[in-house]
Amino acid sequence: MIAATFQGIERIAVTGKAEPALIEPTDAVVKVELCGLCGSDLHPYSGREKGLDVGTTMGHEFTGQVIAAGEEVRRFRPGDAVLSPFSTSCGGCAACRRGLSARCARGNLFGWIEGRRGLEGAQAQFVRVPLADSTLLARPPDLSPIEALLLGDVVSTGFYAIDRAGVGPGSRVAVIGLGAVGLSAVLAARERGAALILALDGVPGRLELAGEFGAIPLPVLDPRGKPLSERPIADEVARLTGGEGVEAVVDAAGSAEATRLAMEIIAAGGFLSTVGVHTEPAFAVTPTAAYDKNLTLTIGRCPVRSRLEELCALQREARLPIERLVTHRSPLAEAPEAYRMFAARRPGLIKMVFEP
Ligand SMILES: [Zn+2]
Ligand SMILES: [Zn+2]
């Protein structure tokens, strides 16, 4: 089979690999129908996150069909269409029982092998799924493969960020960073009944889409592409909130600049909700600033599997326009170019999906 593999900083190669086989009786092998390129794939790609073994198959977002199931797999048989979270989970450990499947004691992240330990990724024609019964979910026939793919990571993560920020009917919320997760957070805020959603980014097309999703777009770059200072943005947020600021900020950018901007626009007693891989060496908010705002900070990887049934049901019911996040499709053979485009923030590119 072919797979997009990590070869070092800014080096992805499409290489031939042996098809995965069942190793444990609880494994399944899935033929990948669609796999996604995620913002967090760029962390090892750009060298911000270290430790990934050379040769590892990249990617952790996929949907497809089971082609083989171990003898202890009860819920799936060959031919079943499935979706998957970006990590495996057992369903039975303390973390799983508490709804924190992303911190499962037996869990692994797809596409992360370090010191020869870990799990191959899904940017390949086939992927091995350990703990298949408690990791995979049957794909409801009325969800499209694109919807299923997005629910396994970015859409779940957007909802998690909004829910952890305490957003509910009447909330005023700002989302900083309008990649696929940030735009999902905009949709989640609307779905949870937020009264005011501010969407902050520098890319015009992303701001436009956030506007169509029900947010007020606020550019953080001037028309020449230079960053606006925090002051005019904070003034505009103050104007839109009667001088109070917003009760919740979702930081979907994960940068020090985003954190500083968040602290300028957040109301006293507000929530700062950070998702996605965070690679900064320290928080850009000082304990004093946090104290002075009675801030609640939430951070961490979304426990997708713990929330996936509920979110699939919501999507089947509400039909949120999540498919609009996918702006590009590419054959897996062109993965190296896709990574370059995505890392260079090619205008118009929000979400890239591979068809292996
Ligand atoms: Zn991802
Ligand atoms: Zn577990």
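Note that the structure is predicted; figures quoted are calculated from it, not measured. Ligands are counted one by one from 1 in listed order, and the atoms in each one are counted from 1 as well.
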Polar protein atoms near the Zn ion (ligand 2) [N, O or S; cut-off under 2.8 Å]: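 As for protein N, O or S atoms lying under 2.8 Å from the Zn ion (ligand 2), they are C90 SG, C93 SG, C96 SG, C104 SG.
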For the pair [X] and [Y], find out whether any cationic side-chain nitrogen is under 4.0 Å from an anionic carboxylate oxygen.
X	Y	value
E212	R324	yes
E10	R340	no
D80	R139	no

So, does T135 use its side chain to make a donor-acceptor pair with the main chain of A132 at under 3.5 Å? no
Have a look at D153 and say which of its N, O or S atoms is nearest the Zn ion (ligand 1). OD2
Minimum-distance N/O/S atom that H60 presents toward the Zn ion (ligand 1): NE2
Aromatic plane relationship, Y45 with Y339 - under 30° parallel, 30 to 60° tilted, over 60° perpendicular: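 Geometry flag for Y45 against Y339: tilted rings.
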Extract all donor-acceptor atom pairs below 3.5 Å that involve side chains of residues 341-351 and protein atoms in other chains or at least two apart in sequence.
from: K351; atom 1: NZ; to: L37; atom 2: O; distance (Å): 3.0
from: K351; atom 1: NZ; to: E61; atom 2: OE1; distance (Å): 2.7
from: K351; atom 1: NZ; to: E61; atom 2: OE2; distance (Å): 3.2

Would E355 and R329 count as a salt bridge (Lys or Arg N to Asp or Glu O under 4.0 Å) if you check the C-alpha gap in whole Å, the side-chain angles of each, and the deciding distance to 0.1 Å? CA-CA 7 Å; E355 296 163 331; R329 283 175 176 244; 2.5 Å; yes
